[in-house]
Number of protein chains: 2
Amino acid sequence: MHSLAEENYLKTLFSLSNDKAEVNVNDLSKRLGIKMPTVTSMMKKLATKKLVHYESYKPLRLTEKGKKEAALIIRKHRLTEMYLVEKMGFGWEQVHEIAEQIEHIQSSEFFAKMDELLGYPKLDPHGSPIPDKNGKMVWSAYSKLSECKKGDTVKITAVINTSEEFLKFLNSREIHIGLKLKIKSIEPFDNSMVVTYDKRNAETLSQIVCERLLVEK
Amino acid sequence: MHSLAEENYLKTLFSLSNDKAEVNVNDLSKRLGIKMPTVTSMMKKLATKKLVHYESYKPLRLTEKGKKEAALIIRKHRLTEMYLVEKMGFGWEQVHEIAEQIEHIQSSEFFAKMDELLGYPKLDPHGSPIPDKNGKMVWSAYSKLSECKKGDTVKITAVINTSEEFLKFLNSREIHIGLKLKIKSIEPFDNSMVVTYDKRNAETLSQIVCERLLVEK
DNA sequence: AAAGAAAGTTCGGTCACCCTAAATCGAAAA
DNA sequence: TTTTCGATTTAGGGTGACCGAACTTTCTTT
């Protein structure tokens with residue numbers, strides 16, 4: 001249906017749109033590692049396919065159709081990550097790169113089978129929600145660790161904006177989905193938090209890290 | 001390393017070379033569904049990469065390097081087919097198309113893991129040998145069913161030149177790898193064979209079918 | 001051996017996707 | 001309000017992978 005390049009633009013635009021209200025050509029360009037003029041022309045192309053609303057000098061917006069297509073690609077990505085971890089024994093920090101490629105496989109049977117074998121999971125191994133077959137994605141009512149108060153005890157349910165470096169960092173601190181931790185103190189100067197859990201007595205997490213950890217109480 | 005297109009040329013040239021002594025531009029062109037001028041120019045490109053020996057108007061030959069690369073792609077294809085059948089529950093006639101895409105995934109860990117989970121198989125679900133990590137492929141001493149004599153009792157060990165139609169045909173006759181059958185008679189006119197086995201008492205197989213079934217005695 | 005057919009090559013073109021350099025727009029600062 | 005500067009688009013190019021048309025080589029047939 002769509003080319004590999006188109007799928008990557010769609011998916012990335014979708015992800016960026018979830019992170020911030022307005023996504024610019026520049027943002028997309030940086031994230032994809034593709035120069036702005038190329039991004040502009042691809043946006044025009046996707047606009048003719050009714051996948052994005054494009055107006056010169058305006059922020060980029062996906063159409064409903066575009067959102068659905070993008071969500072379906074992300075569905076494939078997250079199902080794949082889940083499968084790699086659950087059924088093949090990969091570590092959660094290894095699977096992103098492989099899933100990045102497998103998400104472009106064209107075979108609904110293949111992904112339906114994964115879904116079935118995994119028992120129709122709702123979250124991927126990083127805790128991000130897996131969109132359903134219609135591209136609907138339901139975020140549970142998670143809050144960011146950075147928004148919690150001193151003394152709170154919370155359970156980590158998801159990790160956002162996953163990069164391999166970040167995942168390695170979490171592993172090195174033995175932090176994983178499902179971990180319960182207590183907030184000992186919050187440093188007013190840089191908003192870093194000192195937390196205790198299971199295996200660590202006083203671990204300091206920077207604000208950047210706290211922004212990326214979703215928790216429930 | 002190589003582009004998707006290059007990989008497809010290599011793989012196809014390798015397969016055709018196993019079927020017949022000399023492979024022409026025309027053969028490759030037909031098999032790939034790509035016009036001859038395009039094939040010619042790709043051959044020149046692959047020649048500069050030392051993957052094929054190319055001389056104008058001469059048959060096409062892979063270099064040793066080219067053979068190895070091709071075998072490694074076929075390894076990925078066949079491992080994938082095996083995995084899809086054994087670990088995901090697909091039918092053997094469904095897996096070719098999916099494997100056709102997954103064979104291009106770039107991740108040695110991914111295929112190493114498949115190999116491990118499958119217990120380092122030697123044959124794919126169609127009975128074709130899986131090249132090893134160094135691109136070495138060992139064909140057992142199979143013979144074609146079409147080369148057997150009246151009265152022989154043989155076991156089917158592999159299927160060559162698999163197409164979905166052919167696999168469906170075999171399924172419809174309940175013919176599968178491992179099946180033992182006896183040759184009742186051979187029709188001299190068209191070299192078709194009448195065979196008996198397990199569930200069928202007198203099944204007629206055309207020469208085309210018999211050419212594609214590998215057996216051991 | 002000459003003619004005709006088939007196979008292979010050469011020679012422009014096209015399309016997708018990427019680039020740099022230069023022009024233009026728009027928002028924030030002077 | 002004018003300047004300035006970053007963001008954006010336009011213009012022009014490049015490469016990979018494909019094509020058709022026309023030409024050349026090789027094979028086949030007579």
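Below, read A as the first sequence line, B as the second, and so on, with proteins coming before strands; counting in each chain starts at 1.
- Between A/R78 and A/E103 there is no salt bridge, since none of the side-chain N atoms of the basic residue sits less than 4.0 Å from a carboxylate O of the acidic one.
- Here D/dG20 presents its P atom at 5 Å from NZ of B/K35, a figure rounded to the nearest Å.
- Closest to the B/A5 side chain, of the nucleotides C/dA16, D/dT8, D/dC18, is D/dC18.
- For D/dT10, one of the phosphate oxygens OP1 or OP2 lies less than 4.0 angstrom from a side-chain nitrogen or oxygen of A/K44.
- Considering only the side chain of B/I34, D/dC19 comes nearest among D/dC19, C/dT9, C/dC19.
- The side chain of B/M36 lies closest to C/dA7 when the candidates are C/dC17, D/dG16, C/dA7.
- Atom pair B/K58:NZ and D/dT25:P shows a separation of 14 Å (rounding to whole Å applied).
- A/Q207 and A/D190 are not linked by any side-chain donor-acceptor pair at a separation below 3.5 angstrom, with hydrogens and angles left out of the test.
- The A/S56 side chain lies nearest to D/dT9 when the options are C/dG8, D/dT9, D/dC18.
- Around the NZ atom of B/K65, the shell of radius 6.0 Å holds more than 12 heavy atoms that belong to other residues, nucleotides or ligands.
- Distance NE2 (A/H2) to P (C/dC15): 19 Å, rounded to an integer number of Å.
- If you take CD of B/E7 and C1' of D/dG16, they are 15 Å apart, rounded to a whole angstrom.
- Distance from the side chain of A/E6 is smallest for C/dC17 among the nucleotides C/dC17, C/dT9, C/dA21.
- Looking only at atom types and distance, the side chain of B/H104 has a donor-acceptor partner in the side chain of B/N8 under 3.5 Å away.
- What separates CG of A/N8 from P of C/dA16 is a distance of 17 Å, to the nearest Å.
- Rounded to whole Å, the distance from CG on A/L28 to C1' on D/dT9 is 15 Å.
- Checking D/dT9, D/dC18, D/dG16 against the side-chain heavy atoms of B/M42 singles out D/dC18 as nearest.
- Looking at heavy atoms from C-beta onward, A/S146 lies out of side-chain contact with A/N191 at the 4.5 angstrom threshold.
- Look at OH on B/Y9: it is 4 Å from P on D/dC18, rounded to the nearest Å.
- Put simply, B/S3 has a side-chain N or O that comes within less than 4.0 Å of OP1 or OP2 on D/dA17.
- OP1 and OP2 of C/dG8 both lie 4.0 Å or more from every side-chain N or O belonging to B/Y54.
- Separating the CE atom of A/M43 from the C1' atom of C/dC17 is a distance of 13 Å, rounded to the nearest angstrom.
- Between D/dG6 and A/N26, no contact under 4.0 Å exists linking OP1 or OP2 to a side-chain N or O.
- Between A/T38 and A/Y57, the one whose closest nucleotide on DNA chain C sits nearer the 5' end is A/T38.
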